[in-house]
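Structure, as structure tokens:
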2 protein chains.
Amino acid sequence: MVNNENNQSVNPSKNFVLPFILLLLSRVSLHGYELSQKLQAFGFKSIDQGNLYRLLRKLEADELVSSEWDTTGNGPAKRKYSITKAGITYLKGYANQLETYQSMLDQFFSMYSSFLELYIPSFSTRDSIEKKSSQKRRNDDGKEE
Amino acid sequence: MVNNENNQSVNPSKNFVLPFILLLLSRVSLHGYELSQKLQAFGFKSIDQGNLYRLLRKLEADELVSSEWDTTGNGPAKRKYSITKAGITYLKGYANQLETYQSMLDQFFSMYSSFLELYIPSFSTRDSIEKKSSQKRRNDDGKEE
DNA sequence: ATCTTCTATGTGTATTTTACATATAGGTGA
DNA sequence: TCACCTATATGTAAAATACACATAGAAGAT
């Protein structure tokens, strides 16, 4: 799933949750259960717990994250995940993919507005849809290497 | 994949291409090969031809689209697809899903900007990233029913 | 004539991803 | 003790995707 070389899939539908995980871990170390909650707050309404834990072990095997047991605090032991250098590199790559994804959504809604005008003629006189339209943030991912 | 009831998956990573297909067909009837090209223009760099044709047959079985053979024009016969009423209903539903998807991306890039500032201190003085930020288009899908 | 290339629609199947069910175990409060 | 929350994990079915290949009409080149 995480490809060794930079042939990251261009299809945005693949592994959508992955960049969010890496982004969250880039700020602070978290364990799986916390991640699950933060992802829900992000808008992921149905992350499968089992698959999330499996994914984290896979990411660790691919060395995008590292983990250690956290026995402090209450409750059962937690496996605390941190992002690695390789993980940060991948985060940047995934962010680029998500940008193209976002521009596809912009195009979708631009065309979708026209569709609504066709089907609901009164629609164009309403101001509830403000087109975010064309992508401005572009061609700069903050590379410094 | 296309669920009969309105328990459409909330996970935006599923069937990302589907709403784009329905949107394209909402404007004009197209055959598979044309769809494939329009989707590439949309940004889908790697749609699998075989799976696209299979998906279209599946959509027809689910009655979101209908098809008829088009023997006019040159070349081999084309199967011309049109959207159905049910297809339009689903398009609206998928558009709502894509909106939540878009707001997730907004949140991602908002947080990602902070990440870049941490890792590339000079970044904040540059103006190449203009935050599109918070979602404005919301809570109105043009329902008139 | 046949060869290549482009258009156009498909099938077969392996791999990957996702969904759903279930197991284990520590801790808290009724 | 029982229910509930936290926390991690496995087993497996179902769905989606990737990759290979088949068929066939038409156009233009050699």
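What you see is a predicted model, and the numbers here were worked out from it, not measured in a lab. Throughout, a chain's letter reflects where its sequence line sits, starting with A, and its residues are numbered from 1.
Here the CG atom belonging to B/Leu18 is positioned 7.0 Å from the CG atom belonging to B/Leu64, to the nearest 0.5 angstrom. With rounding to the nearest 0.5 angstrom, the CG atom of A/Leu52 is 5.5 Å from the CD1 atom of A/Ile21.
Between the side chain of B/Ser110 and the backbone N or O of B/Asp106 there is no donor-acceptor pair closer than 3.5 Å.
Contacts of A/Phe115 classified as ring pair (Phe, Tyr, Trp, His ring centres under 6.0 Å), with partners at least two apart in sequence or in another chain: A/Tyr112, A/Tyr119. Scanning for side-chain hydrogen bond (donor to acceptor under 3.5 Å, both in side chains) contacts around A/Gln49 gives A/Ser36, with sequence neighbours left out. Residues meeting the side-chain contact (heavy atoms from CB on, under 4.5 Å) test with A/Glu34, sequence neighbours left out: A/Leu30, A/His31. B/Asn51 meets the side-chain contact (heavy atoms from CB on, under 4.5 Å) test with B/Asp48, B/Arg54; sequence neighbours excluded. Not counting sequence neighbours, the partners of B/Thr84 by the side-chain contact (heavy atoms from CB on, under 4.5 Å) test are B/Ser66, B/Ala86.
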Identify all pairs in which a protein N or O lies below 3.5 Å from an N or O of nucleotides 10-12 of chain D, and state each distance.
{"from": "D/dG11", "atom 1": "N7", "to": "A/Arg54", "atom 2": "NH1", "distance (Å)": "3.2"}
{"from": "D/dG11", "atom 1": "O6", "to": "A/Arg54", "atom 2": "NH2", "distance (Å)": "2.7"}
{"from": "D/dT12", "atom 1": "O4", "to": "A/Arg54", "atom 2": "NH1", "distance (Å)": "3.4"}

Listing time: all N or O pairs from protein to nucleotides 25-28 of chain D that are below 3.5 Å?
none

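Other residues, nucleotides and ligands place more than 12 heavy atoms under 6.0 Å from the CD atom of A/Gln37.
The CD1 atom of B/Ile21 sits 13 Å away from the C1' atom of D/dA16 (whole-angstrom rounding). For the pair A/Trp69 CH2 and D/dA7 P, the computed distance is 12 Å after rounding to whole Å. Rounded to whole Å, atom P of D/dA9 lies 9 Å from atom CG of A/Leu56. Look at NZ on B/Lys78: it is 13 Å from P on C/dG10, rounded to the nearest Å. Regarding B/Ile47, its CD1 atom lies at a distance of 14 Å from the C1' atom of D/dA18, rounded to whole Å. Counting to the nearest Å, the P atom of C/dA8 and the OH atom of B/Tyr81 are 14 Å from each other. The CG-C1' distance, from B/Leu55 to C/dG10, rounds to 14 Å in whole Å. Atoms CG (A/Asp62) and P (C/dT17) sit 10 Å apart, rounded to a whole Å.
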For residues 72-82 of chain A, which side-chain donor-acceptor pairs fall under 3.5 Å, sequence neighbours excluded?
{"from": "A/Thr72", "atom 1": "OG1", "to": "A/Asp70", "atom 2": "OD1", "distance (Å)": "2.7"}
{"from": "A/Lys78", "atom 1": "NZ", "to": "A/Asn74", "atom 2": "O", "distance (Å)": "2.7"}
{"from": "A/Lys78", "atom 1": "NZ", "to": "A/Pro76", "atom 2": "O", "distance (Å)": "3.2"}
{"from": "A/Arg79", "atom 1": "NH1", "to": "A/Ser67", "atom 2": "OG", "distance (Å)": "3.2"}
{"from": "A/Ser82", "atom 1": "OG", "to": "A/Ser29", "atom 2": "OG", "distance (Å)": "2.8"}

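Side-chain rings of B/Tyr101 and B/Phe16 approach one another, their centers coming within less than 6.0 Å.
Non-hydrogen atoms lying under 4.0 Å from DNA chain D are contributed by nothing in residues 27-39 of chain B.
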